Amino acid sequence: MAKKATNKKDTLPMEEMLWKACDALRGSIEPSEYKHVVLSLIFLKYAGFHFEKRRQEIIAAGQEAFIDNVAFYTAKNVFYLPETARWSYLKENAKQSDIALKVDKALSDIEKENKSLAGALPNNYYSSLGIEAEKLGSLIDKIDGFDSILENDKENDIIGRVYEYFLSKFAIKEGKGKGEFYTPKTIVNLIAEMIEPYEGIIYDPCCGSGGMFVQSLKFVQNHNGNRRNVSVYGQEFTKTTYKLAKMNLAIRGISANLGDYAANTFTDDRHKDLKADFIMANPPFNQKDWRAENQLTDDPRWQGYDTPPTSNANYGWILNMVSKLSSNGVAGFILANGTLSADGTEGAIRRKMIEKGLVEAIVILPRNLFYSTDISVTLWILNANKKARVVKRQGEEIKYRDRENEILFIDMRQMGEPFEKKYVRFSDADIRKVADTYHNWQREGHNETYTDVPEFCKSVSVYGEGGVQEKDFSLVPSKYIEFVNRDETVDYETKMKELQSELSDILRAEAESRADILNVFKSLGYEIKL
């Protein structure tokens, strides 16, 4: 971003500068609305920037006669803008009392002119918020200075960057409360490198702002694949996030079927008959009351399994994805660690999935990967066909081993590098190491042969001595992966119980001592509360 040498504020990152600018809106709107206010304005700036750039190209080519021909813009993946929807017009009118109405009209007019944006932009949003014209105009002024950022935004990632940053700033109240977790790119890249969605149908049942689709198609491009060989299907419950996803994908020229409207995946499945080759998802963790007690009890998605409990949607999300897998489909998704060992109905569902040979790999991830929660989470890889087979992918013949009754466990908790002071992200080397380990385990003659590595990975049989069945079908990696420094002569479970008992004794003695002291003071006529 261009910066004035004497103005320290202009050296702030774009996202932080926007957050500070939005703070001026406090009192007019809730902070939870900041991202929606800013993202639509950035979209208008983005669209205006590329429109003017394309307009000058048409003029330079001596084709002025086609300067208002929509096809000359859409052919270059540029949105055609009516005069009142151009950024220059909004900038000129930023100080007018009706600027909110003008912004709303601009968004409406752009949507009418560009079919790919149908249902993507907010309707009468700004005028309904009641933002003071002066504050909205000031925000437009801030965003007006982003030309150099847009010029260098080769991956069209501004929308994603701002959304991620704003969600992080408001994560405690909105992210945890609504389960609206932005999936960091580092995790999406790991999933993509492992399941390799080169071609076919990609599905995300809780697609948020569309980040899984964006990164998976970048994977295709980075590996010299053809984006036209990939079809994108998704669903999103929150209306504003659904619109954001459509906007996010339209900017990148990604055609996607997100359903006709925002809807609950469980109660209004917009892709009932879909069979996906690849599923990538980050469902809300431990979602409670996701269905009524007598609702969805006979849903076809649970066929062959118990109905997931109303108290937690984790296995509801899993079975929804299982039902959507094609005969050779692969799914990679993130869930809270408790899902690995949950008992009762959830344990029964997990056991059946393992017995059916669906669970292929379990990768436990480090803490502090997410802005909105610091917990360690797990990447599950499900595979509808773990049997020995030969497939052709991008002209290469790949031989798969028979892993029907085996599961690969990987521990990434000691991996990752510091990111933005208190967060962690995976390096390219981390992702490559895990993806190569997984592919070597899966395939015959893929680079190197697979071997178990203490404190990192272990291939475990479902049945037999030391197998998953023997451990009550638990999928907790630490139950299987070898620890080098562990003294095998020590019974760790008994030792832990002894330590817990000692700690209880210490705490009890401390409490008794404190009570004795209080009694002494009380006998002297002093009432002390601790």
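For reference, positions follow the sequence shown, starting with 1. All values derive from a computational prediction rather than experimental measurement.
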*Atom NZ of K387 with >12 non-hydrogen neighbours under 6.0 angstrom*: no
*Is there a side-chain contact between F333 and L379, using heavy atoms and a 4.5 Å cut-off?*
no
*asked:* Would you say the rings of Y198 and F219 are close, in the sense that their centroids are separated by under 6.0 Å?
replied: yes
*May I ask you to test the F409-L475 pair for a side-chain heavy-atom distance under 4.5 Å?*
yes
*Evaluate the criterion salt bridge (charged side-chain N to carboxylate O under 4.0 Å, His left out) for residue pair R443 and E196; output intermediate values, then yes/no.*
CA-CA 14 Å; R443 304 171 186 175; E196 299 181 313; 2.4 Å; yes
*asked:* Quick one: does any side-chain atom of Y126 pair with a main-chain N or O of V37 as donor and acceptor, under 3.5 Å?
replied: yes
*Determine, for E360 against R403, whether the closest basic-nitrogen to carboxylate-oxygen distance falls under 4.0 angstrom.*
no
*Are the side chain of Q235 and the backbone N or O of R270 linked by a donor-acceptor pair below 3.5 Å?*
yes
_Using side-chain heavy atoms (C-beta onward) and a distance below 4.5 Å, is D402 in contact with R389?_
no
*asked:* Main chain of A348, side chain of Y305: is a donor-acceptor contact present, judged purely on distance under 3.5 Å?
replied: no
_Would you say that more than 12 heavy atoms from the other residues, nucleotides or ligands in this model lie under 6.0 Å from the CZ of F237, or not?_
no
_If you compare all heavy atoms of P122 against all heavy atoms of S40, which two are closest, and at what distance to 0.1 Å?_
CG-OG, 3.4 Å
*In Å, rounded to the nearest 0.5 Å, how long is the span from CG of L249 to CG of L117?*
11.0 Å
_As a quick check of understanding, evaluate side chain to side chain donor-acceptor pair (under 3.5 Å) for T345 and D306, giving each step before the final call._
CA-CA 7 Å; T345 302; D306 293 355; 5.1 Å; no
*Taking the six-membered ring for Trp and the single ring otherwise, decide whether the centroids of W317 and F266 are under 6.0 Å apart.*
yes
_Looking at D298, I want to see if its CG is surrounded by more than 12 non-hydrogen atoms of other residues, nucleotides or ligands under 6.0 Å._
no
_With a 4.5 Å cut-off on side-chain heavy atoms, are N226 and E199 touching?_
no
*Would you check, one step at a time, whether the test side chain to side chain contact (heavy atoms under 4.5 Å, CB included) holds for L340 with T378?*
CA-CA 8 Å; L340 300 171; T378 301; 3.4 Å; yes
*Looking only at atom types and distance, does a side-chain atom of K243 sit under 3.5 Å from a main-chain N or O of N123, one as donor and one as acceptor?*
no
*Shortest non-hydrogen contact between M212 and N282, atoms and distance*: CE-N, 3.9 Å
*Nearest heavy-atom pair of A120 and E111: which atoms, and what distance?*
N-OE1, 3.9 Å
*Do L408 and I362 come within less than 4.5 Å of each other through their side chains, counting heavy atoms only?*
no
_Checking the side chain of Y261 only, and the main-chain atoms of Y242 only, is there a donor and an acceptor separated by less than 3.5 Å?_
no
*asked:* Side chains of M353 and I318, heavy atoms from C-beta outward: is any pair under 4.5 Å?
replied: yes
_Working for ring-ring contact (aromatic ring centres under 6.0 Å, His included), residues F79 and F43_ = CA-CA 11 Å; F79 302 115; F43 171 77; 5.6 Å; yes
_Quick one, V462 and E404 - any side-chain contact, counting heavy atoms below 4.5 Å?_
no
*Do the charged groups of K105 and D109 touch, with an N to O distance under 4.0 Å?*
yes
_Value rounded to 0.5 Å, distance of CD1 in I110 from CG in L81_ = 5.0 Å
_Intermediate values then yes/no, side chain to side chain contact (heavy atoms under 4.5 Å, CB included), I407 and I354_ = CA-CA 9 Å; I407 298 173; I354 294 170; 4.2 Å; yes
*Between atom CG of L325 and atom CG of L358, what is the distance when rounded to the nearest 0.5 Å?*
7.0 Å
_Distance check, rounded to the nearest 0.5 Å: L190 atom CG versus L365 atom CG?_
6.5 Å
_Any side-chain donor near an acceptor of the partner, N328 and D277, under 3.5 Å_ = no
*Can you tell me how far the CD atom of E455 sits from the CG atom of D411, to the nearest 0.5 Å?*
8.5 Å
*asked:* Treating S427 as the side-chain partner and D430 as the backbone partner, does any N or O pair qualify as donor plus acceptor under 3.5 Å?
replied: yes
*Are the side chains of R227 and I254 in touch, meaning some heavy atoms are under 4.5 Å apart?*
yes
*Centre of F473's six-membered ring, under 6.0 Å away, within 45 degrees of the axis: is that where NZ or CZ of R350 sits?*
no
*Measuring from S108:OG to E113:CD, what's the distance to the nearest 0.5 Å?*
10.5 Å
*Thinking salt bridges, do E355 and R351 make one under a 4.0 Å N-O criterion?*
yes
*If you take all heavy atoms of N383 and N385, which pair is closest and at what distance?*
OD1-N, 2.9 Å
*NZ or CZ of K433 within 45° of Y438 ring axis and under 6.0 Å*: no
*So does D204 pair up with K324, basic N to acidic O under 4.0 Å?*
no
*asked:* Has K458 got a side-chain atom pairing as donor or acceptor with D452's backbone, closer than 3.5 angstrom?
replied: no
_Checking the side chain of R401 only, and the main-chain atoms of N440 only, is there a donor and an acceptor separated by less than 3.5 Å?_
yes
*Within a radius of less than 6.0 Å around NZ of K479, do more than 12 heavy atoms belonging to other residues, nucleotides or ligands occur?*
no
*Begin from the C-alpha positions of L18 and F146 and carry the test side chain to side chain contact (heavy atoms under 4.5 Å, CB included) through to its verdict.*
CA-CA 11 Å; L18 281 173; F146 287 176; 3.9 Å; yes
*Is it true that a side-chain atom of T238 and a backbone atom of T241 form a donor plus acceptor pair closer than 3.5 Å?*
no
*Sole candidate of L296, T267, N264, T265 that passes side-chain contact (heavy atoms from CB on, under 4.5 Å) when paired with W290*: L296
*Check whether any side-chain N or O of N229 sits under 3.5 Å from a backbone N or O of G200 as a donor-acceptor pair, and report yes or no.*
no
*Of the non-hydrogen atoms in G466 and V460, which two are nearest, and what is the gap between them?*
O-CG1, 3.9 Å
_Between Y203 and F213 (judged by ring centroids, cut-off 6.0 Å), do the two rings come close enough to count as a pair?_
no
*asked:* Can you give me the closest heavy-atom contact between P205 and N320, atom names plus distance?
replied: CB-ND2, 3.5 Å
